[in-house]
Amino acid sequence: MLAVPNAFQSPRCGFQPNRAGGGYLSHYLLSAYSVRRSFAEKNRPLVVRFLKAVVRAKKWFEQDRKAATEFLAKEFQLPPSLAEKGLDYYLTNRRGIPSWK
């Protein structure tokens, strides 16, 4: 099981996409943030800053697609075309596991 954008690279490497995965995992939570309540209570300003940064990063991905594509290509070591395809898929479908058809 691969999330986007790597899921779009796997067929280029000779792997067959898991066509059943998208149907079963369409609402699979790819990532989450967790914190102990005691830590959050003692470090509320830090936790709030972290969550604001997460929201700002998401907005940046949506608003500056060219820079976001370049970032994804570099971080995931992908061709820019696949990074852009992964970003478009995620922003359109709001999930990271493709529903292969």
Side-chain angles (χ1 to χ4, degrees):
M1 177 177 74
L2 293 171
V4 293
N6 296 97
F8 296 123
Q9 183 179 31
S10 63
R12 291 185 176 190
C13 297
F15 295 99
Q16 294 297 314
N18 180 357
R19 299 193 186 282
Y24 293 115
L25 302 171
S26 62
H27 301 291
Y28 179 76
L29 180 64
L30 282 178
S31 60
Y33 308 106
S34 60
V35 63
R36 285 193 190 107
R37 182 183 305 261
S38 60
F39 179 89
E41 289 170 348
K42 291 177 185 172
N43 298 280
R44 181 178 172 81
L46 178 65
V47 173
V48 169
R49 280 198 322 268
F50 172 79
L51 293 173
K52 284 182 178 181
V54 169
V55 171
R56 286 179 55 209
K58 182 181 174 294
K59 287 181 181 179
W60 176 77
F61 269 83
E62 293 171 343
Q63 294 170 354
D64 194 346
R65 293 168 80 94
K66 183 178 184 295
T69 297
E70 291 170 1
F71 172 81
L72 289 172
K74 180 181 175 188
E75 290 300 312
F76 285 94
Q77 299 177 356
L78 293 171
S81 61
L82 287 181
E84 183 176 26
K85 185 176 179 179
L87 179 62
D88 288 342
Y89 183 89
Y90 178 77
L91 293 176
T92 300
N93 298 286
R94 300 292 185 210
R95 61 180 174 194
I97 305 291
S99 182
W100 299 101
K101 300 198 176 164

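Distance check, rounded to the nearest 0.5 Å: CZ of F61 to CG of L91 gives 8.5 Å.
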Donor-acceptor pairs under 3.5 angstrom involving side-chain atoms of residues 69-78: please list them, not counting sequence neighbours.
unit_1: T69; atom_1: OG1; unit_2: R65; atom_2: O; d: 2.8
unit_1: E70; atom_1: OE2; unit_2: K66; atom_2: NZ; d: 2.8

Anything under 3.5 Å between a donor and an acceptor, one on a side chain of residues 43-59, the other on a protein residue two or more places apart or in another chain? List them.
unit_1: N43; atom_1: ND2; unit_2: F39; atom_2: O; d: 2.9
unit_1: K58; atom_1: NZ; unit_2: E62; atom_2: OE2; d: 2.6

